[in-house]
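Here the structure is laid out as structure tokens; the discussion comes afterwards.
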Amino acid sequence: MSEIAEKSKLYNLHSWAAQGALDPTVVTRAEGIYFWDEDGKRYYDMSSQLVNSNLGHGNRALIEAIKNQAESLPFIGPGYALDVRSSAAEKIVRFAGPAFEGGKVFFTNAGADANENAIKFCKEYTGRWKILSMYNSYHGSSFGASSLTGEARRFSAEPGVPGFFHFDGPYAYRAPEQVHFETEADVTSYYLGRLHEAIIREGQDLIAGIFMETVVGSNGVLAPPTGYLAGAQELCNKYGIMLVLDEVMAGFFRTGTRFAFHQFDVKPDIVTFAKGSTCGYVPLGGVLLKKEIADFFDENKMWNGLTYSAHPMGLAAMIAALNEYERLGIEANVKKLGGVLAEVLNDMTARHVSIGQARYIGLFSQVELVKSRHTKEKFDAPTIAKVVRLLSGKGFATYSNESGIMVAPPLIITEQELREALAIFDEVLDEVDKLTN
Ligand SMILES: Cc1ncc(COP(=O)(O)O)c(C=O)c1O
């Protein structure tokens with residue numbers, strides 16, 4: 001292990017891991033869709049650093065914007081108005097489209113605290129206290145966001161914050177055995193039924209907000225079936241519940257549209273965002289409130305605040321990123337290459353028995369691996385970790401959840417680069433196929 005890695009292990013705590021066995025790769029530089037380790041080895045960045053670096057590495061416009069802001073006014077408290085603050089807010093509210101006309105934004109530092117503040121907005125606006133979210137979800141690792149999270153990463157924070165309840169969101173591939181779907185409409189109807197049941201059981205008049213990742217990200221890249229979000233919104237409208245869409249991972253063209261919700265028939269009350277707003281060049285997140293909620297705070301005090309809310313460095317980066325998405329034609333690139341990704345993944349699924357299901361939307365995909373296609377049995381954790389290591393060994397850097405491999409490259413990737421990288425995955429799957437029953 002190199003000196004840098006050893007020192008890192010000595011002083012850093014790396015996320016979500018028992019520290020002893022870690023052997024962190026030392027990264028020395030990054031450019032475009034690639035990064036390099038200290039031995040000069042090049043990696044395709046095939047999950048964009050936790051689905052964050054949508055514009056890839058080394059984007060000059062972003063770097064210049066941050067440098068210029070650092071020169072002019074790196075920080076001033078969130079209570080002051082300044083050019084970059086006003087312009088950034090206008091830009092993101094407009095980016096959110098008609099659902100947020102007349103709306104406002106509250107800027108945060110990242111995704112978890114965007115959700116923390118969205119929880120408070122729901123409670124402040126409705127006067128209610130319960131919050132519902134999917135079991136199959138991740139919303140951040142701070143204490144409230146952990147309670148909001150449905151999957152196992154919430155356990156360490158439990159018993160957690162009172163008032164948080166979970167329901168089963170759409171996941172047709174792993175639906176209960178006794179449930180059979182003939183059509184997509186059956187899937188929608190079944191899972192809306194599950195949601196409705198949860199609402200009634202928890203008391204429709206007690207629920208302040210229902211949180212959903214528009215497209216579930218780290219729990220499998222699960223796009224909602226047609227009509228699901230519209231149906232969820234109808235239920236929310238009926239019972240006076242706020243529908244909050246978490247776009248922290250799915251936003252900023254990852255799925256092909258500005259926010260993922262723009263391609264579904266839904267007008268959320270609140271949207272949370274982070275990652276792709278600055279592509280990780282500096283931290284930023286935010287909460288978008290529709291007009292009625294924003295107006296509510298004209299007369300009612302807003303009990304939300306952060307020292308770093310609307311930090312000028314983050315806002316300068318966000319403005320530059322939004323301009324770059326436009327200048328580089330990212331929406332068109334994702335549309336085109338999303339088609340290529342779908343085609344290659346479908347072809348791989350036809351040839352590799354270890355693929356249970358490959359799911360994709362835009363340049364956001366997950367390949368769910370199974371030990372047996374027949375029983376859908378998952379591989380154990382060490383095997384999945386081995387697959388990630390095999391990929392990394394061949395220069396395909398990504399991460400996994402318990403059964404799936406994330407494929408979500410920077411949105412600037414070219415067709416040739418995408419095909420080259422997927423050819424590496426294809427090769428590794430030859431090895432994984434040998435481990436199936
Ligand atoms: C959907 C979703 N929400 C929230 C978060 C938390 O964001 P952060 O890690 O910036 O706090 C994540 C992080 O991956 C996420 O994927």
Side-chain angles (χ1 to χ4, degrees), residues 13-17 45 47-54 106-122 131-154 156-157 164 166 169-171 209-224 229 243-255 259-261 264 268 270-288 306 308-309 311 314 317-318 321 359 361-366 398-402 404 406-408:
L13 287 164
H14 293 268
S15 309
W16 306 115
D45 186 354
S47 53
S48 308
Q49 305 306 308
L50 308 175
V51 197
N52 190 0
S53 310
N54 289 1
F106 177 77
F107 284 110
T108 65
N109 305 313
D113 65 336
N115 285 327
E116 296 281 357
N117 280 284
I119 293 164
K120 287 179 65 177
F121 285 127
C122 289
I131 301 285
L132 258 56
S133 54
M134 292 182 190
Y135 277 109
N136 233 335
S137 70
Y138 178 70
H139 293 290
S141 90
S142 52
F143 205 68
S146 291
S147 292
L148 187 63
T149 291
E151 49 112 314
R153 279 182 278 181
R154 86 183 128 93
S156 67
F164 286 76
H166 300 99
Y171 192 177
I210 298 179
F211 282 64
M212 296 179 178
E213 293 174 70
T214 313
V215 172
V216 171
S218 54
N219 283 275
V221 183
L222 300 159
L229 291 176
L243 178 63
V244 186
L245 294 183
D246 177 339
E247 293 258 357
V248 169
M249 196 175 261
F252 301 95
F253 301 102
R254 174 56 55 192
T255 67
F259 283 120
F261 81 80
F264 299 99
I270 296 176
V271 158
T272 58
F273 65 88
K275 300 191 190 247
S277 62
T278 61
C279 300
Y281 282 63
V282 283
L284 186 78
V287 189
L288 283 154
L306 298 162
Y308 291 160
S309 178
H311 196 290
M318 189 193 78
R359 293 178 291 268
I361 176 168
L363 282 175
F364 198 19
S365 65
Q366 180 154 102
T398 189
Y399 67 108
S400 69
N401 68 359
E402 59 166 9
M406 182 70 87
V407 182

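Each ligand, and each atom within it, is numbered from 1 in the order the structure gives.
- For atom 14 (O) of ligand 1, the nearest protein heavy atom lies under 4.0 Å away.
- Scanning the protein for heavy atoms near atom 2 (C) of ligand 1, the closest one is Y138 O, 3.3 Å.
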Could you give me the CA-CA distance, side-chain angles and deciding distance for M134 and Y171, then say whether side chain to side chain contact (heavy atoms under 4.5 Å, CB included) is met?
-> CA-CA 11 Å; M134 292 182 190; Y171 192 177; over 6 Å; no

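- The protein heavy-atom contact nearest to atom 16 (O) of ligand 1 is M249 CE, 3.5 Å.
- Within ligand 1, counting atoms from 1 as listed, the ones closer than 4.0 Å to a heavy atom of K275 are 13 (C), 14 (O).
- Ranking the protein heavy atoms by distance from atom 11 (O) of ligand 1 puts A112 N, 2.8 Å first.
- Within the 4.0 Å heavy-atom criterion, neither part of D113 lies near ligand 1.
- Of all non-hydrogen atoms in T214 and P224, the two that sit nearest each other are O-CD, 3.1 Å.
- For E213, every heavy-atom contact with ligand 1 shorter than 4.0 Å involves the side chain, none the backbone.
- If you number the atoms of ligand 1 from 1 as listed, the ones under 4.0 Å from a heavy atom of N115 come out as 3 (N), 4 (C).
- Closest approach of L229 to M212, counting heavy atoms only: CD2-SD, 3.8 Å.
- Ring-plane geometry between Y135 and H166 is classed as tilted, the angle between the planes lying from 30 to 60 degrees on a 0 to 90 degree scale.
- Under 3.5 Å, the side chains of E213 and N219 contain no donor-acceptor pair of N or O atoms.
- Annotation: atom 7 (O) of ligand 1 to nearest protein heavy atom, G111 CA, 3.3 Å.
- Considering all non-hydrogen atoms of both residues, V244 and A118 come closest at CG1-CB, 4.2 Å.
- Note on ligand 1: L50 sits outside its first shell, no heavy atom being nearer than 4.0 Å.
- For the pair E247 and ligand 1, no heavy-atom separation below 4.0 Å is found.
- With a heavy-atom cut-off of 4.0 Å, A274 does not touch ligand 1 at all.
- Between F259 and F261, the ring planes lie parallel to each other; the angle is under 30°, not in the 30° to 60° tilted range.
- Scanning the protein for heavy atoms near atom 5 (C) of ligand 1, the closest one is V248 CG1, 3.7 Å.
- V221 approaches F364 most closely through the heavy-atom pair CG1-O, 3.5 Å.
- Among protein heavy atoms, atom 3 (N) of ligand 1 sits closest to D246 OD2, 2.7 Å.
- Looking at C122 and I270, their side chains come closer than 4.5 Å, going by heavy atoms from C-beta outward.
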